[in-house]
Every structure is written in structure tokens, then in C-alpha cells.
Participant: 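Before anything else, here's the structure in question.
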Amino acid sequence: MITAIVSVRADVQRIPEVATAIADLDGVTEVYSVTGDVDLVALVRVREHDQLADVIADKIGKVS
């Protein structure tokens with residue numbers, strides 16, 4: 001199993017909505033609200049390295 005830790009910036013007003021949308025994506029196992037330069041941290045777990053791009057760029061990256 002491959003794990004990636006993804007930092008996410010979101011509009012402050014939409015953090016709960018964005019966190020829920022990301023948590024519902026296949027491949028995302030956990031989402032945390034954090035303080036500092038980023039708003040959320042998502043843990044992505046996949047079986048193959050090639051799947052990371054599918055989850056991170058194609059799914060998380062397209063959450064508005």
C-alpha cells in the first residue's frame with residue numbers, strides 16, 4: 001500500500017464542504033483540518049504508484 005500526504009488550501013468559508021468532498025473520494029482514507037499555511041491534510045492510500053496521479057490530480061485537484 002502506498003500512502004501520500006496531500007496539503008490542501010481552501011477558501012476559509014468552504015473548508016467543511018471541501019473536507020467532506022475530499023473525504024468522499026475513492027483513495028482518500030482520512031482528512032484533517034489543520035492550522036498554518038494549509039487548511040486541510042488528506043491521506044491518500046493506493047495499491048500502485050500510478051494511482052496517485054488519478055486520486056491527487058484528477059480527483060482532489062478538481063474539488064472546487
Participant: May I have the step-by-step check of side chain to side chain contact (heavy atoms under 4.5 Å, CB included) for Ile2 and Leu52, ending in yes or no?
Facilitator: CA-CA 8 Å; Ile2 297 166; Leu52 286 175; 4.0 Å; yes
Participant: Nearest 0.5 angstrom please: Asp11 CG to Glu17 CD, how far?
Facilitator: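 That separation rounds to 9.5 Å.
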Participant: Dump the intermediate steps for side chain to side chain contact (heavy atoms under 4.5 Å, CB included) on Ile15 and Leu40, then the final yes or no.
Facilitator: CA-CA 8 Å; Ile15 291 173; Leu40 301 167; 3.8 Å; yes
Participant: I need the Arg45 CZ to Gln51 CD distance, nearest 0.5 Å.
Facilitator: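 Taking CZ in Arg45 and CD in Gln51, the distance rounds to 14.0 Å.
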Participant: Should Val18 and Tyr32 be regarded as members of a common hydrophobic cluster, given that ILVMFWY residues are connected when their side-chain heavy atoms come within less than 4.5 Å of each other, either directly or indirectly?
Facilitator: no
Participant: With a sphere of 6.0 Å drawn around CG of Asp26, does it hold more than 12 non-hydrogen atoms of other residues, nucleotides or ligands?
Facilitator: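 Not buried by this count: 12 neighbours or fewer within 6.0 Å.
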Participant: Run the side chain to side chain contact (heavy atoms under 4.5 Å, CB included) check on Val8 and Val38 step by step: do they pass?
Facilitator: CA-CA 6 Å; Val8 179; Val38 297; over 6 Å; no
Participant: Determine whether more than 12 heavy atoms belonging to other residues, nucleotides or ligands lie under 6.0 Å from atom CG of Asp37.
Facilitator: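 For Asp37, atom CG is not crowded (no more than 12 foreign heavy atoms under 6.0 Å).
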Participant: Are Leu25 and Ile60 close enough that some pair of their side-chain heavy atoms sits under 4.5 Å apart?
Facilitator: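 Yes, side chains in contact.
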Participant: Determine, stepwise, if the pair Val44 / Thr3 fulfils side chain to side chain contact (heavy atoms under 4.5 Å, CB included).
Facilitator: CA-CA 6 Å; Val44 175; Thr3 302; over 6 Å; no
Participant: Examine distances only and state if a side-chain atom of Asp39 and a backbone atom of Arg9 form a donor-acceptor pair shorter than 3.5 Å.
Facilitator: no
Participant: Would Val63 and Val46 show up in the same hydrophobic cluster when neighbours are defined by side-chain heavy atoms closer than 4.5 Å?
Facilitator: yes
Participant: Answer yes or no: is there a side-chain heavy-atom contact under 4.5 Å between Val55 and Val28?
Facilitator: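 With C-beta onward as the side chain, the pair touches.
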